[in-house]
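Take this structure first; my questions come after.
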Amino acid sequence: MINRKSREEIKLMRHAGHIVALVHKKMKEVVEPGISTKELDDIAYHVIKENRAIPTFLGYSGFPATICTSINEQVVHGIPSEDVKVKEGDIISIDVGATYHGLVGDSAWSYAVGELDDDKKRLMKATEEALYAGVAKMCPGNVLDDISGAVEDVANSYHFGIVRQYGGHGVGHVMHEEPFLFNYRVGDQTLIKQGYAIAIEPMLNLGGDEVEVADDEWTVSTVDKKPSAHFEHTVIATEDGPLITTKLME
Ligand code: MG
Ligand code: MG
């Protein structure tokens, strides 16, 4: 069952999302060549704690950190480590969740480390564009396939691969609620109703669609080792249109 968020739940989700956005604001400031993914994780942890929230990912299915850090060909679920330092020309995708008074915000962003080559710049631009094309369809009266199709159309217009095995999801009292949201058309005619909250999260690849999970049982990478990008917002369908919760509140 897909649950509809009440006014009070939406208020708390906006607060959780604001804290997630504060983490991303900080990540944008501190991502630079030489910083380790463990240092990024520590910073994220402190931002969440300072704001009296809980790091949603920490301990989730046994995940050992506050953020997922996925570099270049890594797509999602990379584990922070003091041995992994980003370098000039890398893309690092950082995914983070915060739980505030029982409600969750979930958002990922890909960051350029220094100057990127043109292919990586285009990949980042396309994936962000795909995210917002999907967000725009998160309106009562549309169906889930409208979001999936909007994401797919942007990916296709750039001739980029689309990760098939992972996608968006309902979010609220836990990080993963119903429904699952594909990043390409599957014909899902589930009607979007007011109060539905979904994390929309395209993952696009410079090369093919195929991905595989590493021996650590977490890190997902492209099979062809070409770079991937990941952009995600938590979005609620409201009578006034899509409400992104994972942004800074004015
Ligand atoms: Mg996420
Ligand atoms: Mg998510």
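In listed order, ligands and their atoms are each counted from 1. Nothing fancy with the numbering, it's 1 onward along the sequence.
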Number of protein N, O or S atoms [distance to the Mg ion (ligand 1) under 2.8 Å]
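Step by step: take the Mg ion (ligand 1), keep protein N, O, S below 2.8 Å, and you get 4.
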side-chain hydrogen bond (donor to acceptor under 3.5 Å, both in side chains) partners of S107, counting only residues at least two apart:
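side-chain hydrogen bond (donor to acceptor under 3.5 Å, both in side chains) list for S107, sorted by chain: empty.
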N3 and K5: side-chain donor and acceptor closer than 3.5 Å?
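Looking only at side-chain atoms, K5 and N3 do form a donor-acceptor pair, the distance falling under 3.5 Å.
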Which residues satisfy the salt bridge (Lys or Arg N to Asp or Glu O under 4.0 Å) test with D145, sequence neighbours excluded?
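Result, salt bridge (Lys or Arg N to Asp or Glu O under 4.0 Å) vs D145: none returned.
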Side-chain H-bond candidate by donor/acceptor type, E201 with H233, under 3.5 Å:
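H233 and E201 do not have a side-chain donor-acceptor pair below 3.5 Å.
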Polar side chain donor-acceptor pair, D106 to H176, under 3.5 angstrom:
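There is no such pair between these side chains.
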Examine all N, O or S atoms of H176, backbone included, and report whether one is under 2.8 Å from the Mg ion (ligand 2).
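It does not; every qualifying atom lies at 2.8 Å or beyond.
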Which residues pass the side-chain hydrogen bond (donor to acceptor under 3.5 Å, both in side chains) test with E239, not counting sequence neighbours?
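E239 satisfies side-chain hydrogen bond (donor to acceptor under 3.5 Å, both in side chains) with no residue once adjacent residues are dropped.
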